[in-house]
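Here's the structure, in structure tokens; my notes come after.
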Amino acid sequence: MKAICWYGKHDMRVEDVPMPKLLNPRDAIVKITSTAICGSDLHLYNGFIPMMEKGDIVGHEFMGEVVEVGPGVRNLEVGDRIVVPFPISCGACHFCSRELYSLCENSNPNAPAAARMFGHSPAGMFGYSHLMGGYAGGQAEYARVPFADVDHIKVPEGFSDEQVLFLSDVLPTGYMAAEQCDIQPGDTVAVWGCGPVGLFAIKSAYLLGAGRVIGIDRVPERLRMAADGAGAETLNYEEVDIYDALLEMTGGLGPDACIDAVGMEAHGSPLEYAYDRVKQAMMLETERPIALREAIRVCRKGGTVSVPGVYGGMADKIPLGALMNKALTIRTGQTHVHRYMQPLLERIGHGEIDPSFIITHTLPLNEGPLGYDIFLNKQDECVKVVLKPGMTAH
Amino acid sequence: MDEYRIARGLGWFSIGLGAVEMLASRQLGEAIGLAEEHHRLLPIMGMREIATGVGLLGSDDGAGWLWARTAGDAIDLAALGSALGDDGNDRTRIGLAMAAVAGVTALDAWCASRISEARNGHGLLPLGEERADDVEERMPTVKTITVNKPIDEVYAFWRDFGNFPRFMPQLESVDVREDGRSHWVAKGPAGHRIEWDAEIVDEQPGSLIAWRSLPGADVSSSGRVRFERAPADRGTVIRVELDYELPGGRAGEAIAKLFGVSPGKQTEIALLRVKQLLETGEVARTEGQPAGRARSTSRRYDDWLREGI
């Protein structure tokens, strides 16, 4: 079968690889109909995620048709159409049984390595380095889904792939980011980054009762999408000072909640960017936490900073003084996707949210490497790339 | 020689040289043959020297500051190297200064790497003392895990030694005989089998199993496994205490293969698999999945952790 494999920085290739097989009783195999490139895949593409090996199949946002089911899976049949959540969760451990699925204790075969880096291992993930288990990902024609009895949601009749594909990651991720803000009716929420997660965080903040949501970015089409598609007020950080602008917009209070939907590869003012980029290159820090610093500094006293953006290592100059003296709450984590799939499917069904508005590019799987390139460089107003294994090249 | 003493010496050397560069830049510049217009660089180099010297003396082991010194030396060498090509300078004297800096650079780098190694547990510091690995081999290794299952179920699973090959894939078979003794067969190096007999020396149902291997075994081991109810209804805590002696010769080789570099690491992996089996019914694995290379897993990142699966 064809699959997109990582071979190094800015080197993704479509390769012929063996078909996936059932390896455990609770596995299933899906024939993939749609799979997306995630913003966090760009961290792989840019070479910032450790423990990647040449030939790793990438991709963690995918859906398709079940073609084979292991003997331990009783709630799936061949022919079922499913969306697969990106964290791999056993459903039985202490954390899964408390709906903290991204903290599953049993799905990462390389848990000791992750524990050495983080103190404890999070759940295994599809196509996201050997630190996260070394699982083959879903930017392919077929994929093996471990713990398939837990790791799926069946798609009812009447939904298109485009409506439900993002239940795999970015829609629940944006939703959980907003839910973590404990939004009270009329609250003001500021969102750094108007990519797919930021856009869904904006939508979700409104669904959860926010009065005002302010989206921050520098890419014109993303700011436009935040305004037109998600209903946010917008700020371009290349044009205004974000701290001053947000204080002015909130009568000096600052936003009640701030969402960092940017993560480890932030940009920002040229000087601050240069500072972090140099330290990153010298391996003195692994992240550029520019959005996070700004969010902590401007957040209302006693407010919440929610961090769906991906971080992987160590960062410098985190304003702990502001965090402590302003009594801020930090909420973060990889998304507990399984918890949100059913309620969000219902919201999609009721027409409260149509996630397909973020899709700007639909390409055949074969053109995946091109998709990475235009997504990285934000060419052609790219916000979200969906790959279709069944589509023929044009 | 003691690397830490050398490091302290280098720290004071940094401060001294830095002070000379800052306070007597003209005299120093003339001594090493630099033309006058280059003398103003020396106080800047001196500030760096003093900063690394203070850092070195103020830190516990100094490895980072020694690497900083090594990097600084490289900058100084580069600066002197570029001065070499300038007609206003005395090339012979600069050459001598460069040789002196290169010597110090080598000492900095050697000392930094020795201390870095020691900090990572592989070095031999301070000389004459044992490193952590040597000590570990003689100390009991304790590893623990919490399994989200009732204590009776966890105990029964462990007590059935026939289950061991399911979570220790190095084992080929475990046969329990009628007299209560058990016969263990493991895959050894180069297709050899390693066999031993073991007996239970103490058993308290639901809380403790202690074992030891019998004389004549290829591998000798003894230890205890304890089972405790976890607080707040979180299942069962398994605590394994391994006593290890590493004999030389064939058995030493065999046990090294059987337990990898560290019995502790292998026990950690085995306990994770016990937890996976009890909680999910299977062992999480990727061996046999597709990849865009000859092997389904990564030799570098997976195999060292999952030896033998």
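Just so it is clear: chains get the letters A, B, ... in the order the sequence lines come, proteins before strands, and each one is counted from 1.
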Looking only at heavy atoms, what is the nearest atom pair of [X] and [Y], with distance?
| X | Y | answer |
| --- | --- | --- |
| A:P20 | B:P290 | CA-CD, 3.8 Å |
| B:A284 | A:P109 | O-CB, 3.8 Å |
| A:P112 | B:I269 | CG-CD1, 3.6 Å |
| B:A291 | A:P18 | O-CD, 4.0 Å |
| B:Y301 | A:M52 | CE1-O, 3.3 Å |

For chain A, the option from B:Q276, B:R295, B:E282 that forms the most heavy-atom pairs under 4.5 Å: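 Of the candidates given, the most pairs with chain A belong to B:E282.
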
Residue among B:R234, B:E268, B:K275 with most heavy-atom pairs under 4.5 Å to chain A: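 Looking at each of B:R234, B:E268, B:K275 in turn, B:K275 comes out on top.
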
Report, as yes or no, whether the 6.0 Å neighbourhood of atom [atom1] on [X] holds more than 12 heavy atoms from other residues, nucleotides or ligands.
| X | atom1 | value |
| --- | --- | --- |
| A:M314 | CE | no |
| A:R277 | CZ | yes |
| B:E172 | CD | yes |

Region of [X] that comes under 4.5 Å of a non-hydrogen atom in chain B:
| X | value |
| --- | --- |
| A:L23 | both |
| A:A136 | both |
| A:Y142 | neither |

Among the listed options A:P146, A:S107, A:P25, the residue most often paired with chain B at heavy-atom distances under 4.5 Å: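 Greatest number of close heavy-atom pairs with chain B: A:P25.
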
Interface moiety of B:Q289 toward chain A, non-hydrogen atoms closer than 4.5 Å: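 Both backbone and side chain of B:Q289 come within 4.5 Å of chain A.
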
Within residues 142-160 of chain B or reaching into it, pairs that qualify as salt bridge (Lys or Arg N to Asp or Glu O under 4.0 Å) - sequence neighbours excluded: B:R159-B:E203

Residue pairs fulfilling salt bridge (Lys or Arg N to Asp or Glu O under 4.0 Å) with at least one residue in residues 21-31 of chain A, sequence neighbours excluded: A:R26-A:D149, A:D27-A:R144

Residue list, ring pair (Phe, Tyr, Trp, His ring centres under 6.0 Å) with A:H60, at least two apart or on another chain: A:F86, A:Y128

Close approach to chain B in residues 88-106 of chain A, criterion heavy atom under 4.5 Å: A:C90, A:A92, A:C93, A:H94, A:S97, A:E105, A:N106

Short side-chain to backbone donor-acceptor contact, B:D302 and A:G134, under 3.5 Å: no

Residues A:E53, B:R293: salt bridge by 4.0 Å N-O rule: no

